[in-house]
*Asks:* 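Dumping the structure here so I can ask a few things about it.
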Amino acid sequence: MDLSFILNELGEDREHYFNAIAPPIIQTSNFRVNTVDQLKSLFEDEYSGYLYSRGLNPTVDILRKKLAALDGAEDCLVCNSGASAIFLAVLANVKSGDHIVSVERPYTWAQRMFDVILPRFGVSTTYVDGRDIANFEMAIKPNTSLIYLESPNSWDFRLQDLAAVAGLARSKNITTIIDNSYCTPLYQMPIALGIDIAMQTATKYISGHSDTLGGILTGTTKMMKKIFDSEYLNTGCGIQPFNAWLLIRGLRTLPARLARISENTSRVVQFLQQHPVVERIIFPLHHSFPQYELAKKQMKGACGLLSFHIKANSRRQVVKFCESLKHIMMAVSWGGHESLILPQCAGLSDQEFDQENPDHRMLRLYVGLEEPEYLISDIEQALSKSALI
Ligand SMILES: *Cc1c(COP(=O)(O)O)cnc(C)c1O
């Protein structure tokens, strides 16, 4: 399907709402039914129509159709956050006694689910270095029901060979989930590579304006219905109509924003790699990236998020760099219009800082939509202040 058609027309039935270009926000909790038989069939299968907005809602459905098409998937569910989307996708696919194989250091709230919540219900998790397919083969047990992937991850951008993992999982009847937040469907299409469920946070690039949270799941209709019937209705964490409307709005400009951010990112990378205070850059489409070939093979692009190490002897130097930035803000999250910095050493004290540990000198930068020169001069002046300490 044509990308422009998906973003501008698909799912939008303008004749039904006064030919308005922007869709209506159907801000209702419940829907009228005309016959008792209609009510009966909705009670039997709430996934078949509009009954109550904790289930389906027309504004949310416009978004669902677009997001499913972007991923080349049959169907989609949208949640109030990425964390809740992960929660629902995992929970619907495990039962007591099951085992999960996950990539090492997945997104914080996925890891907390595996380490703290699921063990209470008899579900265990083995973490593997996902860069080698053999590690998945070795970790799989007879009771493994799920493989959890994140490629690239959002800190050091490690990849998994998605087609290889999907092939292995299918041969053993194991469900696969990927966190595809870094790439979005514009830069990576996991469903086409054989992954069962593609998850992404909509808070980042889909929203694009740092003004709403959201989480997306795509896959077969059978799988989405399974998740809907399992815990979706119970947790009540489906996205609200207004937030869905903001995400539809964000989608309109997604390709333009990613193109601009890609351009900005390559300018910033060029600047960083020649700077004497910068030791190393970690970015999946940089030739120095250890899995560069795989990145080129399975991703159509990469932008925005990158990490770099600075030559710092103390935590104070890293702090000085971050606090000297005048325009780039210090904040969690990414994917919006604004550039952001996040130091890895935020969780350490000055005494805990270990000069020999490169992680302690690592910074995560998100490059937004500003003018590249504006960002580069900001980074340059902050690096020189940090080097003076
Ligand atoms: C932010 C993020 C999430 C969680 O999304 P929320 O919308 O914040 O709940 C999941 N995975 C990755 C890689 C993220 O960066």
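Below, each value reflects all heavy atoms present in this structure, side chains not excepted, and no hydrogens, waters or symmetry copies. Counting convention: from 1, in listed order, for ligands and their atoms alike.
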*Asks:* Please tell me whether I178 and L91 are part of a single hydrophobic cluster in this structure, the criterion being side-chain heavy atoms less than 4.5 Å apart.
*Replies:* no
*Asks:* Stepwise, does the ring-ring contact (aromatic ring centres under 6.0 Å, His included) test hold for Y205 with W334?
*Replies:* CA-CA 8 Å; Y205 284 131; W334 49 276; 5.3 Å; yes
*Asks:* For ligand 1, run through the N/O pairs with the protein that fall under 3.5 Å and put one pair on each line.
*Replies:*
unit_1: ligand 1; atom_1: 5 (O); unit_2: T201; atom_2: OG1; d: 3.2
unit_1: ligand 1; atom_1: 7 (O); unit_2: G82; atom_2: N; d: 2.8
unit_1: ligand 1; atom_1: 7 (O); unit_2: T201; atom_2: OG1; d: 2.9
unit_1: ligand 1; atom_1: 7 (O); unit_2: T203; atom_2: OG1; d: 2.5
unit_1: ligand 1; atom_1: 9 (O); unit_2: G82; atom_2: N; d: 3.0
unit_1: ligand 1; atom_1: 9 (O); unit_2: A83; atom_2: N; d: 2.8
unit_1: ligand 1; atom_1: 11 (N); unit_2: D179; atom_2: OD2; d: 2.6
unit_1: ligand 1; atom_1: 15 (O); unit_2: K204; atom_2: NZ; d: 2.6
unit_1: ligand 1; atom_1: 15 (O); unit_2: W334; atom_2: NE1; d: 3.1

*Asks:* Per the salt bridge (charged side-chain N to carboxylate O under 4.0 Å, His left out) rule, what does the pair list look like for residues 249-272, sequence neighbours excluded?
*Replies:* E12-R252, R260-E371, R267-E373
*Asks:* Are the ring centres of H327 and Y374 closer than 6.0 Å?
*Replies:* yes
*Asks:* By side-chain contact (heavy atoms from CB on, under 4.5 Å), which residues pair with A302, not counting sequence neighbours?
*Replies:* Y182, F283, P284, L285, M299
*Asks:* Could you tell me which residues satisfy salt bridge (Lys or Arg N to Asp or Glu O under 4.0 Å) with D359, sequence neighbours excluded, listed by chain and number?
*Replies:* none
